[in-house]
Visitor: 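Before we start, here is the structure in question, set down as structure tokens.
Below, chains carry the letters A, B, ... as their sequence lines are ordered, and counting in each starts from 1. Because the structure is predicted, anything quoted here is derived from the model rather than measured.
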There are 4 protein chains.
Amino acid sequence: MIAKTTFNRLPEEKKERIMQAALMEFAEKGYRAASINCMVEKAGIAKGSVFQYFGDKEGLFAAVFAHSLEKVKEELRKVRDNPARTDIFTRLAQIMHTGLAFTRTYPLIYRLYTQLLSTPDIPCRDFLLTRIRDEGKVFLKELLEKAAARGEIRDSLPIQEALFLLEALLDRFLLASVLPYLGNGFFDGQNLESSIPHFIDILEKGMGSSR
Amino acid sequence: MIAKTTFNRLPEEKKERIMQAALMEFAEKGYRAASINCMVEKAGIAKGSVFQYFGDKEGLFAAVFAHSLEKVKEELRKVRDNPARTDIFTRLAQIMHTGLAFTRTYPLIYRLYTQLLSTPDIPCRDFLLTRIRDEGKVFLKELLEKAAARGEIRDSLPIQEALFLLEALLDRFLLASVLPYLGNGFFDGQNLESSIPHFIDILEKGMGSSR
Amino acid sequence: MIAKTTFNRLPEEKKERIMQAALMEFAEKGYRAASINCMVEKAGIAKGSVFQYFGDKEGLFAAVFAHSLEKVKEELRKVRDNPARTDIFTRLAQIMHTGLAFTRTYPLIYRLYTQLLSTPDIPCRDFLLTRIRDEGKVFLKELLEKAAARGEIRDSLPIQEALFLLEALLDRFLLASVLPYLGNGFFDGQNLESSIPHFIDILEKGMGSSR
Amino acid sequence: MIAKTTFNRLPEEKKERIMQAALMEFAEKGYRAASINCMVEKAGIAKGSVFQYFGDKEGLFAAVFAHSLEKVKEELRKVRDNPARTDIFTRLAQIMHTGLAFTRTYPLIYRLYTQLLSTPDIPCRDFLLTRIRDEGKVFLKELLEKAAARGEIRDSLPIQEALFLLEALLDRFLLASVLPYLGNGFFDGQNLESSIPHFIDILEKGMGSSR
DNA sequence: AATGAATGAGGATTCATTCAT
DNA sequence: AATGAATGAATCCTCATTCAT
């Protein structure tokens with residue numbers, strides 16, 4: 001955290017190269033197994049530089065995480081600032097499309113997130129997960145509440161569980177785009193997009209107001 | 001994989017002790033970070049024995065995985081062999097309850113599974129994940145197909161997507177019981193059970209046949 | 001401290017070789033500058049073994065220290081169990097001779113002690129120094145007290161300061177045998193022995209009972 | 001040693017700041033463990049500057065040492081230029097008081113000296129120690145010789161050994177003011193001053209001319 | 001003259017694995 | 001079959017030193 005300035009003063013190209021190499025390491029191998037040796041080789045920099053820039057491995061991870069979160073935020077903003085005059089189910093479809101585009105563009109970032117979820121010994125994990133949640137999940141909640149206010153969802157809908165289900169579906173949907181195992185062999189790559197309307201169909205019947 | 005026999009000839013108590021210690025290591029620290037040093041200390045056996053029994057770390061992991069999968073299968077059998085004369089939604093509720101009981105009883109096994117999901121450099125990951133899928137997911141599919149045959153679900157339901165959604169929900173539901181972060185603060189420990197009917201409510205409306 | 005057994009089970013010759021190599025490193029370079037790399041090369045063992053035996057560098061240091069202290073204790077016992085029926089000044093001369101013989105035999109042990117004295121960041125320094133003091137200095141105190149009881153020293157002698165002076169002289173005397181700088185160029189190696197009676201002369205006049 | 005001029009042209013305040021920071025590092029951690037990184041941070045200068053000023057770590061140490069020696073010399077001069085018309089034992093008491101005041105004012109300088117004494121791998125150690133000796137010890141010798149000429153000390157006194165004893169006592173006395181361990185628990189901080197007369201008492205009886 | 005980014009050798013330490021007993 | 005001592009590669013990290021700006 002101290003010498004963060006050193007890194008920030010670097011030319012943009014080099015910064016990106018380093019972030020990319022580090023992201024690859026962490027996303028592919030997980031925090032512990034990620035090797036700074038491999039990382040610096042990929043990035044083409046000296047090993048010592050990493051520690052000058054980020055202090056230690058933990059600092060590097062935090063930087064990579066922050067860098068990735070920034071990308072996520074940009075993406076979220078796109079969805080949020082969309083021509084919002086549509087009903088919630090149309091928006092959910094939009095979100096799924098946008099999310100899919102995101103994981104296709106930045107598959108490693110999504111992998112980093114799943115690493116974080118399942119690896120208990122990552123430093124600051126609690127803090128980092130909290131930041132993600134604050135960033136991403138509040139959004140869905142607002143979406144649901146506004147839809148409720150507009151009468152787009154049925155009165156009897158249990159909000160918390162609906163929220164949980166939406167998150168689960170979205171998360172798994174994105175995960176499937178990164179890890180083909182989860183698609184059950186049914187969803188192979190390109191087909192994920194075409195399944196979106198079907199998901200929306202189920203959600204609409206399950207959550208929408210009748211009529 | 002080589003001298004598996006040697007391990008199998010061990011007294012049951014010792015086998016269980018070793019498996020338990022190894023499961024703890026792998027589930028808590030992940031594959032790479034797991035230390036055979038720590039493991040043998042917990043198990044109270046000689047380090048050399050591990051390599052005599054399982055060949056190498058990878059073999060040990062495979063054995064732990066197989067051992068855990070066996071427990072999962074037992075559990076699945078319980079659900080499958082249940083008094084099956086109920087509709088699919090009642091059964092889904094049963095499954096959620098049973099799953100929750102399972103992760104409460106064997107939280108480490110579920111963690112092992114999530115580790116496997118998110119850590120790409122575990123050897124044989126593909127093979128192991130395939131085995132899980134074959135074990136667990138075929139079951140849900142059959143459930144859906146039978147329900148369709150009985151007319152419990154609407155004709156227009158897109159089966160693949162419904163299956164995917166069910167898996168996503170179940171998985172996330174169990175994960176939340178192990179990792180409190182995912183509950184969004186809404187679900188705190190005991191509350192997970194009470195939310196099951198609400199999930200079923202959504203699913204029934206989304207997937208069930210009208211009337 | 002844990003795997004101390006491993007080291008103790010080693011053949012005596014190997015144990016001694018390792019202790020000697022470690023003592024050389026620590027005594028010559030100080031705790032921080034001592035390199036385990038150099039040490040294992042001198043001892044002809046694998047680097048990993050050091051950590052198996054002693055846990056970490058600190059544990060190694062503690063072991064070397066304990067080993068050395070054992071040698072010191074043996075030496076002290078020799079002096080203590082001497083034909084004790086002589087006056088204190090004769091005994092002081094004996095002690096100086098014995099001490100000199102000790103530093104000549106184990107110069108590194110004495111250097112280790114001085115390293116400990118002057119290096120503030122050695123782990124457990126307080127504890128180790130206390131152990132030395134308990135071992136060595138109580139002895140001088142008893143000597144003085146018995147001499148007082150026998151009337152060998154004057155009533156007006158300030159005991160604490162006399163003790164301090166004796167320690168200072170003994171310590172410096174031994175130090176000079178190890179570090180020639182302190183001898184002021186006057187005492188070159190062999191001459192230290194011949195100066196003992198002269199020191200005793202001063203001490204006797206300063207501390208002895210008149211006549 | 002190369003561009004010493006560059007450093008000397010610096011504003012006095014900056015020079016002092018740098019010397020102080022370096023002295024702290026060396027005195028507290030010893031030569032090897034002292035980190036130029038820490039040092040420059042404390043001093044608030046660029047790391048490169050150290051090497052521009054002093055060539056390398058060794059040169060920096062030599063400069064710090066010289067700077068400290070200068071302070072010692074000033075102090076010595078005070079004692080030397082004292083109203084000298086007193087006998088040697090009064091002067092020794094003065095010296096002890098002055099020395100104590102010095103180590104209280106500049107404890108780091110004394111620590112630097114003890115580091116130098118006990119750490120054999122400091123470069124130029126021989127040279128530096130010789131300079132100290134030349135500075136400090138000649139003085140005591142003169143004192144003794146003049147006292148002998150004035151008949152303040154007995155004819156039979158072995159001069160070299162007396163000198164050695166005085167040095168040992170003074171050194172240990174000062175050391176005890178910096179490292180409390182050596183006081184044996186008897187001398188706690190403030191008490192050192194009050195013990196001076198008692199030391200002088202012993203010395204006078206041991207070395208003074210009878211009557 | 002001053003800066004501070006870059007470097008890589010070397011530090012302690014951990015660990016899976018081998019093998020003689 | 002079981003042990004646990006031995007090994008050395010790989011880990012993160014620190015540091016003095018260099019050099020372009």
Visitor: Rounded to whole Å, please give me the gap between NZ in A/Lys47 and P in F/dC13.
Guide: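 Atom-to-atom, A/Lys47 to F/dC13, this comes out as 11 Å.
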Visitor: What's the closest nucleotide to the A/Lys57 side chain, out of F/dC12, E/dC15, F/dA16?
Guide: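 Taking heavy atoms from C-beta onward, the closest nucleotide is F/dC12.
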Visitor: Using whole Å, report how far CZ of C/Phe51 lies from P of F/dA9.
Guide: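 Spelled out: CZ on C/Phe51 to P on F/dA9 is 16 Å.
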Visitor: Nearest heavy atom decides the nucleotide; on that basis, is A/Ala34 or B/Gly44 closer to the 5' end of DNA chain F?
Guide: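 Checking each residue's closest nucleotide, the 5'-ward one belongs to B/Gly44.
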Visitor: So, for A/Gln115 and A/Lys29, which heavy atoms are closest and what is the spacing to 0.1 Å?
Guide: NE2-C, 4.0 Å
Visitor: Answer yes or no: is there an ion pair linking B/Glu16 with B/Lys71, defined by an N-O contact shorter than 4.0 Å?
Guide: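 Looking at B/Lys71 together with B/Glu16, the answer is yes, because their closest N to O distance falls below 4.0 Å.
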Visitor: Which is more 5' along DNA chain E, the nucleotide nearest D/Arg32 or the one nearest A/Ala46? Just name the residue.
Guide: A/Ala46
Visitor: Nearest whole Å is fine: how far is E/dA16 C1' from B/Phe54 CZ?
Guide: 15 Å
Visitor: B/Ile36 has an atom CD1; how far is it from atom C1' of F/dT7, in whole Å?
Guide: 15 Å
Visitor: Between B/Glu58 (CD) and E/dA16 (P), how many Å, whole number?
Guide: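 Going from CD in B/Glu58 over to P in E/dA16 covers 13 Å.
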Visitor: Got B/Met19 and B/Leu23 here, is their nearest side-chain heavy-atom distance under 4.5 Å?
Guide: no
Visitor: With respect to the phosphate group of F/dA5, does any side-chain polar atom (N or O) of C/Ser49 fall under 4.0 Å of OP1 or OP2?
Guide: no
Visitor: Using only atom types and a distance under 3.5 Å, with no angle test, would you say the side chain of B/Ser35 pairs donor to acceptor with the backbone of B/Cys38?
Guide: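 At least one qualifying donor-acceptor pair exists.
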Visitor: Return the nucleotide paired to E/dA2: Watson-Crick means purine N1 to pyrimidine N3 with N6-O4 or O6-N4, wobble means G-U with N1-O2 and O6-N3, both under 3.5 Å.
Guide: F/dT21
Visitor: Below the 4.0 Å mark, does F/dA2 have OP1 or OP2 next to a side-chain nitrogen or oxygen of B/Tyr53?
Guide: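 B/Tyr53 to F/dA2 OP1/OP2: side-chain N or O found under 4.0 Å.
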Visitor: Given atom CG of A/Leu10 and atom P of E/dG4, what is their separation to the nearest angstrom?
Guide: 14 Å
Visitor: Taking OP1 and OP2 of E/dG4, is either one under 4.0 Å from a side-chain nitrogen or oxygen of A/Arg9?
Guide: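 No.
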Visitor: Counting side-chain heavy atoms from C-beta on, which of E/dT13, F/dT17, F/dT7 comes nearest to D/Asp56?
Guide: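 Of E/dT13, F/dT17, F/dT7, F/dT17 is nearest to the side chain of D/Asp56.
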Visitor: Rounding to a whole Å, what distance do you find between D/Asn37:CG and F/dA16:C1'?
Guide: 8 Å
Visitor: Send over the distance from A/Gln52 CD to F/dC12 C1', rounded to a whole Å.
Guide: 16 Å
Visitor: Relative to B/Tyr31, does B/Lys57 satisfy both conditions: NZ or CZ under 6.0 angstrom from the six-membered ring centre, and within 45 degrees of the ring's axis?
Guide: yes
